[in-house]
Structures are given as C-alpha cells and as structure tokens.
Peer 1: 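Dropping the structure in here first, questions after.
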Amino acid sequence: MSEKRKPYPFDQFESKWQSHWSENKTYRAPGPGEEGFDASKPKYYILDMFPYPSGAGLHVGHPEGYTATDIVGRYKRMNGYNVLHPMGWDAFGLPAEQYAIKTGQHPRVTTEANINNFRRQLQELGFAYDWDREVNTTDPKYIRWTQWIFLQLYNSYFCDEDQKAKPVSDLEEKGWTQEQIDEVRLAFIHEAPVNWSPSMGTVLANEEVQEWKDKGETVERRPLRQWMLRITKYAQRLIDELEPLEWPESIKALQRNWIGRSEGAEVTFDVEGNDITVFTTRPDTLFGATYMVLAPEHSLVSAITTAPQKEAVEAYVSACASKSDMERGLDKEKTGADTGAFAINPVNGEKIPVWIADYVMMGYGSGAIMAVPAHDTRDFEFAQKFGLPILQVVQPHGDQDWQGCTNPGTAINSGFLDGLKTKDAKKKIIYWLVENRKGEKKIQFKLRDWLFSRQRYWGEPFPLLWDKETGQHSGVCESELPLLQPEMEDFKPTGDPRGPLINCTDWINYSDKLQRETNTMPQWAGSCWYYLRYCDPKNTDHFISPENEDYWGNEDGFVDFYVGGKEHAVLHLLYSRFWHKVLNDLGHLKSKEPFKKYFAPGLIMGEDGQKMSKSLGNVVNPDDVVEKYGADSLRLYEMFMGPLDQDKPWAMKGVEGVHRFLAKVWRVACSEDSEGRWELSGKIVEGRNDDLAKITHQTIKRVEGAINSLRFNTAISGMMECANAYTAAKEVPKDLFLTFLKLLSPFAPHLAEEINSMLEESELLSEQTWPVLDESLLVESEIQLIVQVNGKLRARIQVPADVSKEDAEKAALADGNIRAHIDGKTVRKVIVVPGKLVNIVAN
RNA sequence: GCCGGCGUGGCGGAAUUGGUAGACGCGCGCGAUUCAAAAUCGCGUUUCUUAGGAAGUAUCGGUUCGAUUCCGAUCGCCGGUACCA
C-alpha cells in the first residue's frame, strides 16, 4: 500500500514515546517543596531562549539550539542531576499585533493559536521539557510581575557612591522634593529626539532600529516625551561584570563595543562668556585645538552666533534638521557654518573660531568638540575644506606623516608638554586641567538610556497614573496588578504618540483626579526576567521565592547554561543583565548576573547558501522533515551539520545520511520478515566480544567528551563508526548494544527508547544512568608507531605498547624502507615520542 | 575605518596540550544481491606522477626534529559598529 517503505518505522513509535513521556511527566523537574523533590541531587539549569510564537511556525533554526540543550540536559539527567529545562512564550510584540490587525482578530486569539502550534511542533521533536513550568509573557499572572518589576525600577535611583540602585524612599527621608526625585528615578520620563517609526506608529530603542529598518520599516528622529530606563548608570558594571562570565569572547566584545567606553578628559572653553565643555580622548593635543565645533542642535548655537553669521547659521541648522539620520550618515562630505564666535583655548589663551557642523553629534559627549585637525582625520578634512589652521602637536614615531595622524608619539609645540610621550602628556595635561579648574578626567560611554515606552496595544501597560492638575506621575498600588489593556475593537496605531489606548476613555480615567499612562512596554520587558519565573512559575506571592532562587540559581550567574541566537547580544542579553542587577541591588536577588555560561548557535542557511526567506523560496519547514524522516533524524542532522556555533547551509541529502545511520542502528536489532514486518533479528546475543567492547567504550569516551565541549557533530561521527562495527559483526553482545543505546538516547531519544523496550528492557532509557567508561578495555598490548625520516612519514611499525625508547628506535632503524631512506646518510638525531612516533634526522 | 570571527578534497566537515592531514557523512565510481529496480551490503574516492615517489590545510615568511595547530606580514570572506571626538 505504501508506495515507498520507510527505512525504519519511526512513524510508528515516535509519537508513542512522546505521549508516554508527557503522560508520565518523565521530565518533570521538581523544585523545593514540590512532590518528588530530592534535595540531595545536584541541580542543573539549562535554558533556551524562548521563542516568539509567530504565525509562520517553527523555523529549522529553532531546533538547532533546542536540540543542543536537550542533549546536554538529557546527558546531565542521566548523570544524576535534577535538570531544569523549561520552555515558554515571548508572546507580546509588534509582529503579533500587526498580524492580528491584518487578520482582524484579537492578538490574544492569534497568539494563543500560534502558541498551540509551536507547542505541538516542539513536542513532536521529543524535547525533554518540563511543561508544567511553561510561562507566557502575555498571561495576566505573568504581566503582574513584569509590572511589579517595573515599579521596582520606577521606585529606585542609582546611588553613585555605592554604584548601585536604592529605593527612592531613602531620598524622601532626606527631604528630597518630588521633582528632584523624578530627576533620578531609574524609570523616568524624558523629552528627546527618539527613533519614531511612522510605518509602525511607535518609537523604538536604539538597539532595535537596524533590525526594523532591515525589515523595511521607516524610522526617523523626532522629539517626544518618552519613558526611559537609566541603563547608562550601569555602563561600567555591565562591562566589568561581563568579564568573569563563560560567554564567547565575540559576544563579550559585541557588548563592550556597544557600551563603548572611552577614557579621556572634559575640557571647558570660554565662548563669549559661556562655558562650553567638550569631551576628548586626546587631551594631550589641547595645544593643537585650533577651532571648536558644536553640533547644530547644541543649545548655545543661537546665543553665540554673531549678527553677520546669523543667516548662514540658521540656514545650516534647518538644513540639518530636515535631514534624516540616514542621509546625515551617508553624506560623508564635511559641511558646516562659522558662528563668528570665538572660544578661548584654556591652555594657551588662544582665540579660536567656533563652527557648527553635523559631523558632531548631539547625542554623544556634550555635543561639542575641540578640533585638532593635525591629529584627527575628521577635523583634518574639515579644516582643509574650510581653510582652518592646522598645528602639529604630536611627532609620531618613525617616518609617519603627522598630518591627520592619530597615532601616539611625542608632544611638540605644546608648551609644558613638549617632549612627553602621548601617554604621559595625557596624565600631565589632566593634572593641569584639574589644578586650573579647566577640566577633569572623564570616562564617556556610547550606551544611551533605554527608550522603554511603545505606542502600541499589545504590550504591558505602564502601571502609572498622572495627576490631571499637577501633571505629577505616580505608581499604581501593587495590589492593583496586573493592570491589563482594556478590550478594544480598534487598536491600530493612530500616529498619535500617546498610543491607541488614548482612545479608551473609560480605561484612561482612573478617577476624577487621576489618569492612566497610555504607553505600553516593549517586548523586551517580559523576556528580561522569564528565566527567573521558570523556577517558580505559579507563585502568587513572589516573582520567585527565595527557596527556589537559592536552589536553581548560582551566585556567579543565575542560569547554568543559556543557549540562543547572537542577534540578541546587545538587546535581550544586555537588558536582562541590567534588570538582574537592579533586582540584585534592591535585595530581591542574590546574584549579579543572569547567565553564567552562554553559547550562540550559528545560523542555518538555505540549501543555496543564502539566508532562509520566503521570497527566496529556500525555507525548510521542520514539519515536512519530521513527516518524511522523523524527529530523531531532524535532531541528529541539525547536530551533525557542523560546529554548533558556525553558520551552515541546509542539505536535504545530509538529512538522508543521518536517517540512514539511524536505520542502520535499527537493523542491528531488527530485520524484516517475509511480510515486510519488523522483528528482532537475533543478532543481539548474550556473550562477549572484545573488539566490539573496545569500540563501544571508545565511543563512550568520544561522546562524553563531545557533549561536554558541545561538539555534537563529532559525537555522532563516533557513534556512526561504532554502528558500522556492529553492522559488520555477526553477533553483538546485548550489554554493549544497550550501552550504545544509552549514548544515542540524548541525540535520538525515540529510536533509542524503542529499541531498548523491544529488547525487553523495562526501565526507560531516560531514567537510566550514563554508562561508565572502562579504561582497561582501551589499553592495547601492541601499538602502531609511525616512523619519519626528516619529518616525512616512511613506515609504520607494530611494537609492544610499553616499548622502551631504545627498542622503538632499534625497531625503526631495522625497518627496510627506513634503511633505504637513510642509506648513505648520517643519522644525526632520533626523536622518540612514546606511543606516537619515531623521527630520524639524517643527512 | 575600528572590533570580532573564519579560510582544509567536488560538498558539509574531522584532526582536544605541535606528532599518520582529509575521520564521519554527502556526492561520485566499481562490485555483490535482484528477473530488474529500489533498498541494503562491500570496495574505492586530495592532486600530480616516469608508480619509486612528489606536492598539498588562502598566500608569503619565521620558530621547530616535526606546523592545519605557534609567531609575523599579506590577501579574501562573514558578522558587528561607525563622522562616538
């Protein structure tokens, strides 16, 4: 009936085992106080980035990381750990809302349907998740705690002396006014040019802009009053506390880069009676500052501009204002205008002209620079174009051209700095600036505060109220949480920067005096802390109980091992670290970091080597692969493709390859009868076979090593070699084959479980312990030595494993081929590496 | 420009402290089985070759008895970031 018989009947047992595991709660990980909890067991918390349940369903990229963590989790479990491996849904967010608008359904409905589809797909891959711990960021019981954490941020400030967050109530006790307190809250309202997307009708965080632009959305700068989170206060700690984490160096570098720490100095210039401060990383070049540049948006521009220059300056400012960020970035040709004003260089009293130019950004430092054209490429270009003076103050090493040269060297034309190396000149000028009250040492960061409000419907509302008369804001009472969005017919973005909730008058009006905040939180809010909730998902008194925190978390990084896409290197991973530190500072958590160890799987590309996309038609649907080859084959293939952290192209032929391997394992135990039915072959016997014992134990060693170093592709190669040996043998001892099945079970749990049960083993493989390596089986009595002459392989000789150096040398020199190669030459030296080789140096 | 990563057969890749380069898989070729095919099993598969060898891990150079591995320079590709002062 079936046109093509399957190489092994995965379709008949995969779903059976999935149901079995699910019904028996095989992978339940009980926590403190729960039934079946065993405090003596060590714990292991392994976490996947929870997916955003899109309408498109699971992508083949998802099971890559999920299979890796599943293998490690199952391996740890077989080694006696109480493994927490949970799954949940990052279900708020713009795409969900856009999809809902498009289909005319409420996002809660479409989200639920998408979640059900995702859950089905994940369950069909046999992942050992504890589904009792499932979390969903859009669940009111979850929203409640997201909002509670927001209120912690809102009700705290950053104490600079102690470098940590503290409750604002401390400031109230010190007699601070409400206005003063509002200035320092970690969640604060701020009017500034922000990233406004006209196409999406919302603002975006700096970190998100590129991603949405890539998807074709428009983003422009626009001044708006928005809620911000004061992440910049944590800039230094976010760099320092990253150091001890077991993260890939590249990801750490990405975060450091984004935070962008620069050491330098602030220098104050007198400009027509105003103090203008600039930041510079090269205070040693202060004598070479021959002009000053302000950003066009700088607040003092109109005040200092002289009458004759007024028209030109105003024209330039408005030209810049109308340019989008993109145009401004693309246009590398320097432009600017002379304000006519002069600044006094504090170090030598020189009068230097003040210009405005759009190569100076308002968002970094003070929005003003001292220009040192001799030693800065941008200032050099600008000075050349506008004929401004260029004064060399650093003599670079060697014969490098000093013009526009930014390299360090020796100070010249710099008064008391002359003759000093750049490093020493920096120290001396900073000392001078401090002494003369003209500046100070300064550390500057690129990191901006986090724009946290969105003008959308499908997100957590801010639990905040505004006084209609005074305009003062305040947090709602914790007992009123969760605060859910009202039911609305039409929640489309309105273009109104207050968001669609503004149209829901019943909901907005909290009382006669008070009105609700109408902005909502970004998708990141829920994902910032979900790893904590998994530990105690049903707790109604705490976001996580201290007992669960102590049991599941680590002091030096809460989660033992976190796996997920590197596209979140400067988004989710940075935001989570920030929230975790705030919660730690406020005494709600004991650890400083959320993720002790982190790993980012590579991207799975299309078969054509391009990134998978609908438009290219190269998308692989995991459901189709499971249908055709089974879940084990998909899992195994994704692990066999290559190193986990590398980007790699999909190849359906490769899926067939691992599928054949699984079928080969199946056929070690089973064969077909004349009707085409599978039955035990009788090849598995009681007995012993030293050769197979050796390769089986070699495989234990290889697989263990490979799992511990996340090199799953080599684990699978090892198992393939072992299976090839079983295939070639006439009989396979049962104990060895059962050992092999245990090794295979984290990778292909369904097949391993099925064969195990067919061999009348009653206990589930996943309940069994990992095989113990017997090293004695690996020792050889005879080994092969390679013999080289002048480093080139010339012979292989068999010698006893414990051969002495002298005997090895003798045996090598006795070999016929070796004799031929050293014939007529003098042996100068013989290197013997025990157990490996003999190298004869002769000429 | 700056930061990070990567260059090994026809392809994905292996070689864990420097010690047999190309494991394992894909593809391809040959053979067995079959009436035939599929499936399966076995053998072969870096290149050149005067068949003894020679060359070979992006390129050039260095250290070493010995380098895919360590060091230096160059080229190429990928990712991040960018008038960040």
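These numbers come from a predicted model, not from an experiment. Proteins come first, then strands; the chains are lettered A, B, ... in the order of their sequence lines, and each starts at number 1.
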Peer 1: Has the side chain of A:Lys653 got a donor or acceptor that lies under 3.5 Å from a partner of the other kind on the base of B:rC11?
Peer 2: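 Answer is no: no donor-acceptor pair is held.
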Peer 1: Check every strand shown and say whether A:Lys566 touches a base, only sugar-phosphate, or nothing at a heavy-atom separation below 4.0 Å.
Peer 2: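 Nothing, no nucleic acid heavy atom in range.
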Peer 1: Any strand counts, and the cut-off is 3.5 Å on both contacts for Watson-Crick or G-U wobble. Which nucleotide pairs with B:rU63?
Peer 2: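 Answer to the pairing question: none, since B:rU63 forms no Watson-Crick or G-U pair.
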Peer 1: Does B:rG9 sit syn or anti, given that only angles within 90° of 0 count as syn?
Peer 2: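 It is syn.
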Peer 1: For a ring pair (Phe, Tyr, Trp, His ring centres under 6.0 Å) with A:His659, tell me which candidate from A:Phe640, A:Trp666, A:Tyr8 qualifies.
Peer 2: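 Among the candidates, only A:Tyr8 passes.
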Peer 1: Please name the nucleotide paired to B:rA54 by Watson-Crick or G-U wobble geometry with both distances under 3.5 Å, or report none.
Peer 2: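 Matched B:rA54 with B:rU47 under the 3.5 Å cut-off.
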Peer 1: Give A:Arg794 one of three labels, base, sugar-phosphate or nothing, depending on what nucleic acid heavy atoms sit under 4.0 Å from its own.
Peer 2: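 Answer is sugar-phosphate: A:Arg794 comes under 4.0 Å of backbone atoms only.
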Peer 1: On a whole-Å scale, what distance lies between the C1' atoms belonging to B:rG13 and B:rG27?
Peer 2: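 That atom pair is separated by 14 Å.
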Peer 1: Paired with B:rG22: which nucleotide, if any, by Watson-Crick or G-U wobble criteria at under 3.5 Å for both distances?
Peer 2: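 Pair assignment: B:rG22 / none.
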Peer 1: Sort out the partner of B:rU40 for me: Watson-Crick or G-U wobble, both distances under 3.5 Å, none otherwise.
Peer 2: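 Paired with B:rA32.
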Peer 1: Which residue, A:Ile716 or A:Gln444, contacts RNA chain B at a nucleotide closer to its 5' end, judged by nearest heavy atom?
Peer 2: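 By nearest-heavy-atom nucleotide position, the 5'-most residue is A:Ile716.
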Peer 1: So, A:Trp355 versus A:Phe382, ring centres under 6.0 angstrom or not?
Peer 2: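 Judged by ring-centre distance (under 6.0 Å), A:Trp355 and A:Phe382 do meet the cut-off.
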Peer 1: Do other residues, nucleotides or ligands put more than 12 heavy atoms under 6.0 Å from A:Lys385 NZ?
Peer 2: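 More than 12 heavy atoms, drawn from other residues, nucleotides or ligands, come within 6.0 Å of this atom.
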Peer 1: What distance, rounded to whole Å, do you find between the two P atoms, one in B:rA73 and one in B:rA21?
Peer 2: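 29 Å, rounded to whole Å.
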Peer 1: I'd like a list of close polar pairs between nucleotides 41-50 of chain B and the protein, N/O only, cut-off under 3.5 Å.
Peer 2:
unit_1: B:rC41; atom_1: OP1; unit_2: A:Arg667; atom_2: NH2; d: 3.1

Peer 1: Tell me the partner of B:rC6, counting only Watson-Crick (N1-N3 plus N6-O4 or O6-N4) or G-U wobble (N1-O2 and O6-N3) with both under 3.5 Å; none if nothing fits.
Peer 2: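 When the pairing criteria are applied, B:rG76 turns out to be the nucleotide that pairs with B:rC6.
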Peer 1: Can you tell me how far C1' in B:rC65 sits from the matching atom in B:rC60, rounded to whole Å?
Peer 2: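 About 23 Å, rounded to a whole number of Å.
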